[in-house]
Peer 1: 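Mind looking over this structure? Questions follow.
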Amino acid sequence: MDLAIKYRVPPGTRVDLTQWRTDDAQGVDRDAAEARLAENIDALQKLQYRLYAEKKQSLLVVLQAMDTAGKDSTIRYVFGPLNPAGVRVKAFGRPTDYELSHDFLWRIHQHTPRQGFIQIFNRSHYEDVLVVRVNELVPESVWRERYDIINAFERSLCEARTRVVKIYLHLDKARQKEKLAERLTKPHKLWKFEMGDFDTRRKWDDYMRAYEDAITRCNTDHAPWHIVPTDRKWYRLLAVSEIVRAELERMDPKLPEPTIDRAEALRKLDEIG
Ligand code: AMP
Ligand code: MG
């Protein structure tokens with residue numbers, strides 16, 4: 001079973017999120033998932049080492065989801081074990097007035113990865129066709145144009161050898177209620193909760209429609225979308241690690257060819273002592 005292919009949104013299809021399970025586990029049990037996750041992390045560490053040394057291409061992982069789906073924990077568990085020297089994480093919250101006085105991609109573009117790096121976006125430019133659309137923060141004529149603008153933007157990243165992998169963590173609505181209740185009852189989780197989260201939850205169906213359109217309109221060959229079942233944390237981590245591993249294996253970074261004469265350098269080292 002290839003989870004990276006299983007959760008890739010088939011190109012050219014219209015996404016109906018009710019047809020995507022949030023609790024799928026493909027018959028994998030928790031122990032097997034955790035063992036495989038450990039293998040994937042080991043592979044990711046080796047791939048990242050080569051990516052960083054090669055410095056010719058980069059990877060951008062976009063994570064989008066409703067509140068409590070597990071974006072933060074996914075970043076911590078899947079990317080936390082990588083070498084922090086080559087990984088950047090950027091969370092996009094409400095834009096500042098200064099950011100809003102630019103085009104919507106301005107604040108995004110500053111955080112795309114340079115060659116050799118892995119960049120993770122916790123929320124992204126997709127908020128500009130999700131929260132912005134649902135709450136009518138700009139006129140429809142403005143957000144409607146954004147799908148094409150996003151596709152062109154991601155295409156230009158691809159031309160610069162930045163692979164873009166997009167992952168939507170698909171959470172069940174009832175499960176979100178449990179997770180919100182947990183945030184409200186566990187003192188150490190309370191800081192993550194805002195009253196505004198209720199407003200978002202109340203508009204759940206509008207968000208699902210906005211996600212369906214964003215995923216459908218921006219699911220390109222150069223920047224594919226994946227829809228990952230998220231109700232079970234251990235399975236979500238497994239699926240995300242599979243997707244990222246498959247992408248880095250496709251990129252196949254290589255250690256740079258040596259530019260020095262090793263024998264000569266070893267002789268020199270002896271000579272210098
Ligand atoms: P969190 O990720 O829970 O810390 O919350 C960040 C908040 O910022 C969410 O409510 C997002 O919907 C909001 N946000 C992110 N990007 C934008 C945007 N472009 N316009 C408006 N709100 C945004
Ligand atoms: Mg929040």
Side-chain angles (χ1 to χ4, degrees), residues 17 60-80 88-112 119-151 153-154 164 166-173 175-215 217-218 225 228 230 233 236 240:
L17 283 172
L60 171 60
V61 180
V62 172
L63 290 179
Q64 279 291 158
M66 298 297 279
D67 288 310
T68 75
K71 297 186 293 294
D72 296 310
S73 78
T74 301
I75 293 169
R76 177 162 147 234
Y77 285 97
V78 177
F79 300 97
R88 299 283 182 270
V89 180
K90 173 67 187 167
F92 290 97
R94 273 170 219 89
T96 62
D97 286 346
Y98 187 67
E99 287 169 339
L100 283 172
S101 68
H102 296 80
D103 68 277
F104 77 101
L105 291 175
W106 179 80
R107 66 171 186 157
I108 307 292
H109 209 159
Q110 300 172 57
H111 295 280
T112 58
Q119 174 76 50
I120 300 123
F121 281 177
N122 180 342
R123 304 185 190 270
S124 66
H125 42 301
Y126 282 94
E127 292 292 328
D128 292 281
V129 287
L130 295 166
V131 62
V132 168
R133 163 178 167 168
V134 169
N135 291 307
E136 298 174 355
L137 302 180
V138 299
E140 176 167 349
S141 58
V142 173
W143 61 254
R144 281 230 172 262
E145 284 300 313
R146 290 184 172 171
Y147 303 107
D148 289 341
I149 296 171
I150 288 172
N151 285 337
F153 171 61
E154 291 176 353
V164 184
K166 300 176 297 199
I167 301 173
Y168 167 63
L169 304 179
H170 190 25
L171 179 69
D172 176 61
K173 189 178 177 189
R175 183 87 181 104
Q176 192 200 44
K177 189 171 179 189
E178 292 170 18
K179 303 271 270 187
L180 285 171
E182 204 178 298
R183 281 192 180 174
L184 288 169
T185 48
K186 292 193 178 165
H188 69 284
K189 294 207 167 172
L190 193 56
W191 67 274
K192 284 199 178 198
F193 179 80
E194 318 176 52
M195 286 310 280
D197 295 350
F198 286 149
D199 183 52
T200 310
R201 181 170 170 79
R202 218 178 265 121
K203 295 175 181 164
W204 185 276
D205 294 343
D206 295 337
Y207 272 97
M208 290 304 108
R209 227 165 298 135
Y211 266 108
E212 285 171 344
D213 282 351
I215 296 171
R217 295 280 319 265
C218 301
W225 268 110
V228 164
T230 281
K233 176 179 173 180
R236 171 197 347 126
V240 170

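In each ligand, atom 1 is the first atom listed, and ligand 1 is the first ligand listed. Residue numbers count from 1 along this sequence.
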Peer 1: Hey, looking at atom 22 (N) of ligand 1, which of Val131, Asn135, Asp197 has the closest heavy atom?
Peer 2: Val131
Peer 1: Under 4.0 Å from atom 20 (N) of ligand 1, can you find at least one protein heavy atom?
Peer 2: yes
Peer 1: Do Arg146 side-chain atoms and Asp128 backbone N/O form a donor-acceptor pair below 3.5 Å?
Peer 2: yes
Peer 1: Measure from the side-chain N and O atoms of Arg201 to the backbone N and O of Lys173, and report whether any donor-acceptor pair falls under 3.5 Å.
Peer 2: yes
Peer 1: May I ask you to list the atoms of ligand 1 that are less than 4.0 angstrom from any heavy atom of Arg107?
Peer 2: 16 (N), 17 (C), 18 (C), 19 (N)
Peer 1: Taking the minimum heavy-atom distance to atom 15 (C) of ligand 1, which of Ala91, Gly93, Ala65, Ser124 ranks first?
Peer 2: Gly93
Peer 1: Report the nearest protein non-hydrogen atom to atom 10 (O) of ligand 1: residue, atom name, distance rounded to 0.1 Å.
Peer 2: Arg94 NH2, 3.6 Å
Peer 1: Between Asn122 and ligand 1, which part of the residue brings a heavy atom under 4.0 Å of the ligand: side chain, backbone, both or neither?
Peer 2: neither
Peer 1: Report, in ascending order of atom number, the atoms of ligand 1 lying under 4.0 Å from any heavy atom of Val132.
Peer 2: 20 (N)
Peer 1: Among His125, Glu127, Arg123, which residue places a heavy atom closest to atom 5 (O) of ligand 1?
Peer 2: Arg123
Peer 1: At less than 4.0 angstrom from any non-hydrogen atom of Asp128, what atoms of ligand 1 do you find?
Peer 2: 19 (N)
Peer 1: So which heavy atom in the protein is nearest atom 18 (C) of ligand 1, and how far is it from that ligand atom?
Peer 2: Pro95 CD, 3.4 Å
Peer 1: Does any N or O in the side chain of Gln176 come within less than 3.5 Å of the main-chain N or O of Asp67, such that one atom is a donor and the other an acceptor?
Peer 2: yes
Peer 1: Pair His125, Glu154 - check side chain to side chain contact (heavy atoms under 4.5 Å, CB included), show working.
Peer 2: CA-CA 10 Å; His125 42 301; Glu154 291 176 353; 2.9 Å; yes
Peer 1: Measure from NZ or CZ of Lys166 to the centre of the six-membered ring of Tyr168 and say whether it is under 6.0 Å with the direction within 45° of the ring axis.
Peer 2: no
Peer 1: Roughly how far apart are Trp225 CH2 and Ile167 CD1, rounded to 0.5 Å?
Peer 2: 9.0 Å
Peer 1: Applying ring pair (Phe, Tyr, Trp, His ring centres under 6.0 Å) to Trp106 and Tyr98, what does each step give before you reach the verdict?
Peer 2: CA-CA 11 Å; Trp106 179 80; Tyr98 187 67; 5.6 Å; yes
Peer 1: Show, in sequence, the C-alpha distance, side-chain angles and deciding distance for Asn135 and Lys203, and conclude whether the side chain to side chain contact (heavy atoms under 4.5 Å, CB included) test is met.
Peer 2: CA-CA 9 Å; Asn135 291 307; Lys203 295 175 181 164; 2.5 Å; yes
Peer 1: For ligand 1 and Lys71, I'd like to know whether there is a polar contact (N/O to N/O, distance under 3.5 Å).
Peer 2: no
